[in-house]
Each structure stands twice: as structure tokens, then as C-alpha cells.
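I have placed the structure first, in the form of C-alpha cells, so that the comments after it can refer back to it.
Side-chain atoms are counted along with the backbone in the values below, which use heavy atoms only and exclude waters and symmetry mates. Everything numeric in this text was worked out from a predicted model, so none of it was measured.
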Amino acid sequence: MAIIDLGKVSITWRGAYDGSTAYTPKDAVSYQNASYICTANTTGNLPTDTSYWNVMAEGGDVATTLTTR
């Protein structure tokens with residue numbers, strides 16, 4: 001039987017953005033009162049760079065909301 005590698009199938013919450021961390025697609029971070037999801041492998045590119053990140057949520061205390069609910 002063939003083995004199919006699905007890769008990451010769910011979002012991985014990585015906490016506050018750190019420019020020295022390597023992120024892969026479906027990693028999620030908090031940055032400046034918003035949360036972002038990684039769309040392409042990246043290290044050192046701010047979450048506001050739409051070449052590597054998409055906004056998930058803006059405003060409020062998203063880090064607390066995403067980790068406690």
C-alpha cells in the first residue's frame with residue numbers, strides 16, 4: 001500500500017513572533033495585537049509581509065484569546 005504524506009494538517013500555535021525562528025506553512029503567531037498564519041517557509045520576515053503571512057485576527061488580546069479558548 002502506498003504511503004501518502006499529508007504534511008501538517010492543522011495550525012500550530014507558535015506564540016509571539018520571533019525573528020530568529022524558522023516558520024513553516026500553518027504555523028501561527030501573534031504580532032502587534034494581531035495573529036498571523038504562515039503561508040511559506042520563512043525566517044526573519046515580519047508577519048506583516050504578505051509574501052509569507054496572512055492575517056488570522058486583528059485587535060484585542062489575540063494571544064490570550066487563541067491560547068485560552
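Taking the side chain to side chain contact (heavy atoms under 4.5 Å, CB included) definition, one finds that Thr12 meets it with Lys8, Arg14, Asp27, sequence neighbours left out. Judged as a side-chain hydrogen bond (donor to acceptor under 3.5 Å, both in side chains), and not counting sequence neighbours, Ser10 has no contacts. With sequence neighbours excluded, no residue forms a side-chain hydrogen bond (donor to acceptor under 3.5 Å, both in side chains) with Asn54. Considering only residues two or more places apart in sequence or on other chains, Tyr23 meets the ring pair (Phe, Tyr, Trp, His ring centres under 6.0 Å) condition with Tyr17, Trp53. By the ring pair (Phe, Tyr, Trp, His ring centres under 6.0 Å) test, Tyr52 pairs with no residue at all, sequence neighbours left out.
Contact of the Pro25 side chain with the Asn41 side chain is registered, since non-hydrogen atoms from C-beta on lie closer than 4.5 Å.
Shortest non-hydrogen contact noted between Trp13 and Ser30 is CH2-N, 3.6 Å. Taking both residues in full, the closest heavy atoms of Ala40 and Cys38 are given as O-SG, 3.0 Å, listed atom of the first, atom of the second, then distance.
Between Tyr36 and the choices Leu46, Thr50, Thr48, the side chain to side chain contact (heavy atoms under 4.5 Å, CB included) rule is met once, by Thr48.
Listed by first and then second residue, the salt bridge (charged side-chain N to carboxylate O under 4.0 Å, His left out) pairs that reach into residues 30-55 come to none, sequence neighbours excluded.
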